[in-house]
Amino acid sequence: MLLHFRRFNNYKKAMVKPEDKDSKTKKSYWENIHQNKALTDSGWYQSIPESSLQLIAASKISEKASIIDVGGGACWLVDHLLRLGCETI
């Protein structure tokens, strides 16, 4: 898995140019969204993250397994996992 992650990072670096003028526009766009829009008004907000919870349940991992919520932001996944008895998040 680590090898796959490294390959992905190398691919990602090759695709993004530091002088990309569009990156400033994208950054401004997302900063505006996060500063001026309520979390519940965003298109990605879920009060109950059903898909994530179903995938985790289907994996049948132990409650003691380590789980990392990468890019979760202001998500409620961690809260739900704690309620389900997960210990290492």
Side-chain angles (χ1 to χ4, degrees):
M1 186 67 161
L2 183 58
L3 179 60
H4 175 71
F5 180 75
R6 285 184 182 154
R7 285 185 186 158
F8 177 74
N9 269 347
N10 290 338
Y11 174 77
K12 201 165 75 169
K13 287 176 188 173
M15 298 302 294
V16 178
K17 298 178 183 175
E19 68 276 0
D20 185 2
K21 294 176 186 175
D22 194 40
S23 66
K24 288 184 181 179
T25 304
K26 289 177 185 176
K27 181 180 179 192
S28 297
Y29 171 80
W30 286 110
E31 284 177 350
N32 181 51
I33 293 291
H34 290 293
Q35 290 173 2
N36 298 311
K37 204 171 197 181
L39 174 64
T40 54
D41 292 337
S42 65
W44 58 85
Y45 173 76
Q46 296 177 315
S47 60
I48 301 174
E50 293 286 343
S51 300
S52 297
L53 292 170
Q54 288 172 0
L55 286 169
I56 292 168
S59 71
K60 298 182 182 178
I61 59 172
S62 163
E63 288 85 7
K64 297 182 186 290
S66 296
I67 299 174
I68 299 174
D69 183 15
V70 177
C75 171
W76 300 107
L77 178 60
V78 171
D79 302 86
H80 288 279
L81 291 173
L82 288 170
R83 283 189 206 117
L84 292 172
C86 294
E87 299 175 5
T88 312
I89 303 169

Checklist entry - What pairs with E31 under salt bridge (Lys or Arg N to Asp or Glu O under 4.0 Å), at least two apart in sequence or on another chain? => result K27
Checklist outcome for this item: Taken in chain and number order and not counting sequence neighbours, the residues that satisfy side-chain contact (heavy atoms from CB on, under 4.5 Å) with T40 are A38, Y45
Checklist entry - Mind checking what makes side-chain contact (heavy atoms from CB on, under 4.5 Å) contact with E50, not counting sequence neighbours? => result I48, Q54
Checklist entry - Who are the salt bridge (Lys or Arg N to Asp or Glu O under 4.0 Å) partners of E87, not counting sequence neighbours? => result K64
Next on the checklist: Taking side-chain contact (heavy atoms from CB on, under 4.5 Å) as the definition, give me every residue that meets it alongside L84, ordered by chain and number, with sequence neighbours left out.
Outcome noted: L53
Checklist entry - Got a second to check how far W76's CH2 is from R83's CZ, nearest 0.5 Å? => result 8.5 Å
Checklist entry - For the atom pair OG (S47) and NE2 (H80), what is the distance rounded to the nearest 0.5 Å? => result 6.5 Å
Item to check | Interatomic distance, I89 atom CD1 to S66 atom OG [nearest 0.5 angstrom] | outcome: 10.0 Å
Item to check | Test item: N36 side-chain N/O and N32 main-chain N/O as donor-acceptor pair under 3.5 Å | outcome: yes
Item to check | Contacts of type side chain to side chain donor-acceptor pair (under 3.5 Å), residue D41, not counting sequence neighbours | outcome: none
Checklist entry - Same cluster or not: are I67 and V78 linked, directly or through other Ile, Leu, Val, Met, Phe, Trp or Tyr residues, by side-chain heavy atoms under 4.5 angstrom apart? => result yes
Checklist entry - Which heavy atom in L82 sits nearest to a heavy atom in C86, and how many Å separate them? => result CD2-O, 3.7 Å
Checklist outcome for this item: Nearest heavy-atom approach of L77 to S52 is CD1-CB, 3.9 Å
